[in-house]
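Structure first, commentary second.
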Amino acid sequence: MSTIEPFVIYPARKVITMNRSYPVAEAVAVVGDRILGVGTVDELSRWGEHTVDNSFANQVIAPGFVEAHSHVMGGGMWQFPYVGYFDRSDPDGRLWAGSKNIAEVVSSLQAIEAEMEDPDQPLIAWGLDPIYFDGERMVASHLDQVSTTREIFVYHASGHLATVNTALMEAEGITIDTPTPGVARDSSGHPNGELQEPAAMILAGRCFRTIGQQLRTPAAMWKYAHEARNTGTTTLVDLGTSQLADPVQLQNWREATSHEDYPARVMVAMSNAFGGQVNDPTQLAQLGADLKAESTDKLHFGIVKIVLDGSIQGFSARVSWPHYIDAPEGHSGNGLWLIAPDQMADLVTTYHAAGLTVHCHCNGDEAAEVFIDAVEAALERHPRWDHRHTVQHCQLTRPAQYRRMAALGMCANIFSNHMFYWGDQHRDTTVGHERAFGMDACATAAAEGVSFSIHSDAPVTPMGHLHTMWCAVNRFTSTGEVLGEHERISVEQALHAVTLGAAFQIKLDHEVGSLEAGKRADFAVLDEDPLEVAPEALKDIGVWGTVVGGKHFPAGPGD
Amino acid sequence: MSIAITIIGGYLGAGKTTLVNHLLQRAGVGSQYGRVAVLVNDFGDVNIDEALISEVSEDTIKLTNGCICCSLVEGLAMALDGLRQLEDPPERLVIETSGVADPTQLAAYAQIPGFHLDAIIVLADAETVRKRARDKYVGDLVRQQLAAADIVGLNKVDLVDTETADDLKRWLQGMIPGAVVVPVANAAIDPEVLFANTTPPRAGVVSDGPANTPPATVHHEQLFESFSWQSDRSLSRAELDRWLAELGDDVVRVKGFVTVSDQPETHLVVQRVGSRVNVHRSDQVLSGFSAELVLIRLKGATESPTWPC
C-alpha cells in the first residue's frame, strides 16, 4: 500500500517528458510540488487517492522552459513604456506593437504622454532601434512633437545610446558649449538630442539615474518572473546582473522567491561585471560558496559570471583574423577585452577551486579561446570533474573550439536569437558570409558532443523559448533569409536545449528540465505541440501559462 | 570650478595601483595639490596609512587631508555623476583605469561639463612591455594604450640595464610620435609631474623685479628639472604657438599664463602635457606679467630651454 498523500492527475492532449525512457505520456500526476509520475491515467491511479484535474486536457504539457541567460533588468525595463521596432509582449501580457518608423515612435509617445498626469514627471521609454530605420536618426525635434515642456528620454535597444528632447537638454544644461564627446550635433553644431555612450548619457541627469535605480528593485524581480510565466518559462538565470554582496538585493531576492505567488525558480549568478561591492575574486568565490549552501527550492546560487569581450554588432567582440569586414571609421580593427587575458587562468581557477560553475560571456572566438585556455589551466592546477563551465553567447566559437570544449567537459549557451535580429548585419558588415553561416553553431555543438542551450539574453532580445527555438531551428534573419542552413537543428534538439540542456549547465537537471517521477512539477502549458507544428510556426504557439512546483500560473496580467 | 582629471592607464602589472598608493601616501598631497579624489578599481589593493583615514564607507574612503578614494562600484559614469553633484567637489580627480581600458575612451568622460582633462599617464613595464606589445591577444590593446599617453611612465627601469632602458625609450618614441618617456622605479612618479601644480604663487601681484627675470632652475628629485620665467614682454600668438610646438620631447610639462601682443586684452592659460598643447582664454587676470610660465623636463640635456624674449 502506497503512503502517497492524495494527489492530482492532469490528463493532457500530450505530455512531452524529455525523458528517453518514457518520452510521451497522456497524463502527469503531481503531489505537492513534485511529479509523482507520468503515464496513463490508469497507470497513475494505482498510486492511491487522487483527483483528476482536466484544466490542461486540451493543452500540451512540456517541461517548463529554462532560460539560462537573461537579466532581472528585463523586468526592470518594463516599468517604462516600450517603443522598439518589433512587436513585444510585456509581463502583463499586453502586446506593444512595434514602431516601424520615427513617425510611429512619435505617435506612440504622444499617446503615452497624453495619459501622464504629473507635468514634472519625465517620460522615459526604451527599446528604440534605429538600425531598422534606413539610416534616419531620431533627434530632439521629433521628441519635441511629443512635448516641449516635459523631459523625454528614449533609451535605445543597444543600451549604448539615448535620444532626448529639447526640454530635457534645457533642464540639464546640454548646450552648444557642452564639450562632451558623444553629444551628437546638427550641422550648426547644436546638440541634436542623441547622447552616445555613458559619458554623454549621464548628462541626462535625472532620467539616466532613474533608470539605474529601477533596474533591480523588487518590482523588477516580479515583472521578470511574470514575463517568464507568460512565455512558458519556469526557471530563470539572472546571469550576473544582481549584486549579491549587497544585503538589500539579496534580501529582496529571498523575499520575492519565497512568496508562494512568485512564478519562477531563479538562479542568481554572482558577478562584478556590472559593478559590485566585492571586486576581489577570492572574496567573491567565498561569498558564492557560502550562498550556494543557502539555496532554496526557488532561489539558487552557485554560478559566477565573467564578461570577457564586447558585442559583435558593436564591433567590440574579440574576433580572430580576418576580424571585421566593415568596421566603422576609426575602429581599431578588433574588439575590446573587458578582462585581461593573462588574468583569466587565475580568475577561473579561483572560482573553479571554490566549487562554482563559471559562465563566461564570449561573443568572439578569440574570447572563447582565452576562456577555454583558462579552464584547461584551472583543470591542470585543480583537477575537478563535472564542473560544467559554460561559454555564454558562444556566437563565433569555431569547430576546433567545440572539440576542445567537449574534451574539457564544458557547455555552450548559444545566442540563437541573434540570427533573427542581427543576422543580416553580421553577413554584411561584421563577419561576412562564411562566418555568419557558422555563427551560433548549434548543429556543430551537437555534432561535436557539447551539451548546449540557447538563450534570449532578455531584455537584449525578448524572453520566450518558443521564439528562441524557432530561431535555432529555422535561422531566418529579419528579412526572411535563411542564414547558414547547415547549422539548423531539429525541433527535438531545440526543445532539449531549452529544457534539459539549460538545466544541465546550471546543475539543476536532477530537479528540472524533464518530467520524471520525483522532479519538480514545473510545466510549460502550451496550446500546440511544438513537435507537430510546422517548424516555421513554432514561435506562434500559444502559451496557456506555467505550473511551478504544482501551482498554476496562467499567463496574463499582473499577479 | 572644473575638476582636473588625470587618467592613469597601462596594461596589467604596469604599476598603476602602486602609483595610486604612492600618491595617497604622500601626506602633502592634500594641501599642496588641492583636494584629490581617486577612483580605483578595487579597494582591496589600495594601501592607505591608517593614520590618514578619517572615514570608511562601502565605496568611499575619506582621508584626513581632505582627499577621497572611491571605488568604481557602479561604473565610471555613476561615480563622476556623484562627484559633480557634491556640494564641495575636489579640485582634482585621478582615475586608475583597468588594465584593459583604452585611456582614449575614458578621456571622453573628462569632457563632461564640470571636468577637464589634465593628463593621460600610461605606465609601461620595462621588463615586459615589448613582449606585451607583440602579444597575440593584447598586442593591439597595449599599443593603443601607449599611443593614448601624454606621458609614458617607463616603470621598473631599475630592473633592466641602462642599454635596455635607452632602447625602450627609443622604441616608444618611434611608436608614439612626440611621446615624453619618463623613466621611473616603483611607479614613483613625482606628484609635481603628475599634477603640475605650477600655478604661479603670486598670481595677480606685479613683481618689482627686473622685466625679464632669468630662468630659475630648481632641481627637484633627481630626475627632473624645472625652469620658470616671468616676463613683461609679449609674444604674438603665432610665436607662442611655435615656441610651444618646438619644445623637445624631454619636456614633460609647461604651464602658465600669457598675454599675447596681438590680443593684449585677452589672458591665456597655457598648458603643454607631453606633446599635447592646450591654450585657452581666462576671464580673470591671473598674473601681473605678460608671461609667467613653469617648465618641467627630464634632466640630461645640456642646453637650457629659453623663453624667446
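Labels below follow one simple rule: chain letters A, B, ... track the order of the sequence lines, proteins then strands, and each chain is numbered from 1. Reckoned from all heavy atoms, side chains included, excluding hydrogens, waters and symmetry mates. In this text the structure is predicted, and so the values were computed from the model without any measurement.
Residue contact with chain A, scored on non-hydrogen atoms closer than 4.5 Å, involves the side chain of B:D140 exclusively. Heavy atoms of B:R143 lying under 4.5 Å from chain A are absent altogether. Contact annotation for B:L12: only side-chain heavy atoms (C-beta onward) come within less than 4.5 Å of a heavy atom of chain A. With a 4.5 Å cut-off on non-hydrogen atoms, A:L336 does not touch chain B at all. Of the atoms belonging to A:L338, it is backbone heavy atoms, and not side-chain ones, that fall under 4.5 Å from chain B. Contacts between A:E197 and chain B at a heavy-atom distance below 4.5 Å are absent for every atom of the residue.
Taking CD of A:E369 as the start and NZ of B:K136 as the end, the distance is 5.5 Å to the nearest 0.5 Å. One finds the CD1 atom of A:I202 at 7.5 Å from the CG atom of B:L76 (value rounded to the nearest 0.5 Å).
Between chain A and the residues B:Y11, B:Y137, B:Y109, the largest count of heavy-atom pairs under 4.5 Å involves B:Y137. By number of non-hydrogen pairs under 4.5 angstrom with chain B, the leading residue of A:V183, A:I339, A:V370, A:D342 is A:D342.
The two atoms that bring A:T180 and B:P113 nearest to each other are OG1-CD, 3.2 Å, heavy atoms only. Closest heavy-atom contact between A:P181 and B:Q111: CD-CB, 3.4 Å.
For residues 98-105 of chain B, the interface with chain A (any heavy-atom pair closer than 4.5 Å) comprises B:V100, sorted by residue number.
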